[in-house]
Structure formats: C-alpha cells, structure tokens
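Report on the following structure.
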Protein chains: 2
Amino acid sequence: MTISFASSQLSEHDHKKCVSAALDTAEHICIIRGVQLTPIRHKVLELIWESHKAVKAYDLLDRLKLIMEAAKPATIYRALDFLIEQGLIHRVESLNAFIGCSCSDHQHEQLLLICNRCHEVEERSAVKVMEVLAHEIEQANFILHSKAIEIHGICSKCDAQAGNKN
Amino acid sequence: MTISFASSQLSEHDHKKCVSAALDTAEHICIIRGVQLTPIRHKVLELIWESHKAVKAYDLLDRLKLIMEAAKPATIYRALDFLIEQGLIHRVESLNAFIGCSCSDHQHEQLLLICNRCHEVEERSAVKVMEVLAHEIEQANFILHSKAIEIHGICSKCDAQAGNKN
DNA sequence: CTACCATACGTAATACTATAACGTTTCATC
DNA sequence: GATGAAACGTTATAGTATTACGTATGGTAG
C-alpha cells in the first residue's frame, strides 16, 4: 500500500532539507557573529521551521512546554527577540506571528506573500520592487530603518487546487 | 505677544483643514454608499484625526470615555471595523494602531512612512512601486487580496530637527 | 583564586489588544 | 403593530506581550 501524507502546500519539496539547511545556517551565523544559539533558541527556531506557515508565539509556547514544562511567555519572547535580531526569523506584523527566514545570508526585508487559505508564507526578494521602493523613500527624504511588505491573498497552489475541484 | 504652539511635526499646516476635509469626505462617502456614519463612528474618526500619529484602540477608548462614559472596547472596535471597511482609516499592522486615510477617494493600499521619532505616519501613493509590485505578485501567480507596505524610520522633519540641534 | 560583570534564563505578575456572546434599541417596512 | 436588520450596550473572556526581579553560568581582571 501507499501512504499519502496530510500534506502541506509545499509537500512536494523535501522539508527536512529546509529545516536542516535553516538550522545549519543559523548555527553558522551565530558562530561567526559570536552570539549564542542556546538550546532554547535552537529549539524555538526548529519549531518555527516545522512548517512554512506563520506560527503564533503562544502556539510555540505550547509546543515548547511539551519538552520543557517550565517554559513561560518570556521564554518564547526572548528567543523570538534573539532570532529576529539575528535575522533568522521574520515577524509577520499583520498576523502577530513568526516565520523562518529563508534568506538569512542574503539581503533582508523581502516581500512576504501570505496565503489566506493555507496560511503558508512565501518570501520573495523582488529586487526591482525594493529598488523602486528605495527610490521612493529617498524622494520622501525619509531615513529607512526597516520595512515590512506583506501581501495577503491566495497562493498559486491553493488557487490550482480550487481550480481542480471545480 | 505671540503664542507658539507645542507643535507637531506638521504644525506648519492647517490641521483643522485636514480634519474638516477628512470628515466632510467621510460624510459624503457614507451618504453615497448608503451606510451610516453614526455619531459614535463620526466621533471616533474625529478622534483619530486629532493628529497624524497612529492611535491605539485603547487610547481612543479612553478619549471616547471622556464624552461617553459607557464606551467599552467593543464600542471602539466596532467603529474601527466600520471605518476600515469603508476605507476611511488604515490599520497600521506593525503598531497595532490606526490612522486616518488621506486618500479615501483615490486608490488605496499606499505606502506608509512611519516615523519612529515623532510617530507621525505619512501616506504616499507611490504609483511606480505599486506597479512593479503588482507585476511581481503576478509573476508569483499569487492572487492579491490586500497589501500592507509599512516603512519605519525617521521622517524628514525629525531628521532636520536633529540636524539643527547638532 | 575570587570578585566582578555580562548574558541568559526562571518565575510571577500584569499590561495591552481584541473578540465572543447575548441582550436591547431603533427604525424602516409590510 | 409585527417583523427584521443594523447598531449599540454589556459582560466576560481570549489572545498577545512586557516588566520586574531573582538565579545560574561563564569569562575575565585584579
């Protein structure tokens, strides 16, 4: 018999590779920068990478508690703060949630394509958009600290699925 | 003698005109659309327009209570929901706060330039950015529902002020 | 060695943000 | 004057995040 997984939209990719790549990169970056990817931080990053969906802090907390009874909100938020500082995760402002950053070693501040159906979040570099945006910001004499570009809608996979059903 | 105001960054503009223009536009739009700009909704919109800073829901609530003891969170959130639906205000996702929309009759989904010092928020149409962004989204086969582009940094006024002090 | 300091973490309390659920009022319409 | 929809009143609760203070650990200057 064959076993079919209750699969994510990105099921056809090898997610274990995503996770291990992300964790390897994180470890590497932290060593280079001389910052500590402590066991808690490492675990939280791993939990975030369990899927490509944005995760809520308290969901992370519940999952962390399974292996660490003493975990409290501060435990999670401290880890999240660290991971964000190091650019290893993104905060999705419009969801109050977090996703792994798949561009840790490249430029940051990407486009986030957030699917309202499957809730997966795709990062896109969108170099041209950033260029034009940078120009616009300059025109406004605005000194950039950070930017969040969050696009909500339906991803191509969900759209295709909906199409199949009709 | 002359009186100098404890002024906002935009003090040199006539803010009363901003407010009355916004309220007039809102009334107009609501009549056209056959929706009710009730006294509560009108007052909340007016409170939001007291400045060009993003306002928190509970700050609005406190201010609303001054003239309406019975106001409760739901009172505010219902008014905010209505105003957002009608495109009369924006929610600033990265601040959990709200600002008046100064483009109610034009296209929506603008750029928000959020000053981390004076906390004022400037809306910019940035047609070119939107064009390039739309193209990028199309390339991703993503079906757009809504977008939020929030830029944090220091506005030109605050930057100039800092410059003066040095 | 040990006193000191910085970093990370433990823990409890609390603040802040938002929604759910259900009842009441109002007003237009039949 | 019964009906239904929209707005609002009211209470409770859910969900998100921070503060404050105490403890443990490890590196380093004296």
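Lettering follows sequence order; numbering is per chain, from 1. As a basis for the values below, the full set of heavy atoms in this structure was taken, side chains included, without hydrogen atoms, waters or symmetry mates.
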### Task
Starting from C1' on D:dA7, measure out to CG on B:Leu80 and report it in whole angstrom.
15 Å
### Task
Using whole Å, report how far CD1 of B:Ile40 lies from C1' of D:dG9.
9 Å
### Inter- and intrachain pairs under salt bridge (Lys or Arg N to Asp or Glu O under 4.0 Å), touching residues 57-73 of chain B, at least two apart
B:Glu50-B:Arg63
### Message
So B:Lys147 and B:Leu144, do their side chains get closer than 4.5 Å, heavy atoms only?
### Response
yes
### Query
How about A:Glu27 and A:His42: does a side-chain donor come under 3.5 Å of a side-chain acceptor?
yes
### Query
D:dC8 P sits how many Å from B:Glu69 CD, rounded?
19 Å
### Query
Can you tell me if B:His52 and B:Glu122 form a side-chain donor-acceptor pair at under 3.5 Å?
no
Expected list for residues 111-119 of chain A: side-chain donor-acceptor pairs under 3.5 angstrom, two or more places apart:
{"from": "A:Asn116", "atom 1": "OD1", "to": "A:His152", "atom 2": "ND1", "distance (Å)": "2.9"}
{"from": "A:Asn116", "atom 1": "ND2", "to": "B:His145", "atom 2": "ND1", "distance (Å)": "3.2"}
{"from": "A:Arg117", "atom 1": "NH1", "to": "A:Cys158", "atom 2": "O", "distance (Å)": "3.4"}
{"from": "A:His119", "atom 1": "ND1", "to": "A:Arg117", "atom 2": "O", "distance (Å)": "3.4"}
{"from": "A:His119", "atom 1": "NE2", "to": "A:Asn116", "atom 2": "O", "distance (Å)": "3.4"}

### Message
Could you work out how much the helix from C:dC1-D:dG30 to C:dC30-D:dG1 bends, comparing the axis of its first five pairs with that of its last five, to 10°?
### Response
10°
### Task
Scan side-chain atoms only and decide if A:Arg41 and A:Gln36 contain a donor-acceptor pair under the 3.5 Å cut-off.
no
### Query
In whole Å, what is the span from the CD1 atom of B:Ile76 to the P atom of C:dA18?
12 Å
### Gap between atoms NZ and P, on B:Lys65 and D:dG9 respectively (whole Å)
13 Å
### Query
Do B:Leu64 and B:Leu47 have side chains that get closer than 4.5 Å, going by heavy atoms?
yes
### Task
Specify the separation, in whole Å, of atom CG of A:Leu37 and atom P of C:dA8.
11 Å
### Message
Run the salt bridge (Lys or Arg N to Asp or Glu O under 4.0 Å) test against B:Arg78 and tell me which residues pass, sequence neighbours left out.
### Response
none
### Query
How many angstroms lie between atom NZ of B:Lys43 and atom CD of B:Glu46, to the nearest 0.5 angstrom?
4.0 Å
### Task
For each nucleotide in nucleotides 10-22 of chain D, reading 5' to 3', give B when a protein heavy atom comes within less than 4.0 Å of its base, S when such contact involves only the sugar-phosphate, and - otherwise.
BB----BBBBB--
### Task
May I have the distance from B:Met68 (atom CE) to D:dC8 (atom C1'), rounded to whole angstrom?
8 Å
### Message
Expressed as a whole number of angstroms, how long is the span from B:Leu64:CG to D:dC8:C1'?
### Response
12 Å
Dump the pairs, protein N or O against N or O of nucleotides 25-27 of chain C, anything under 3.5 Å, distances to one decimal.
none

#### Entry: Cationic N near anionic O, under 4.0 Å, A:Arg124 to B:Glu136
yes
#### Entry: Side chain to side chain, A:Phe82 and A:Val35, heavy atoms closer than 4.5 Å
yes
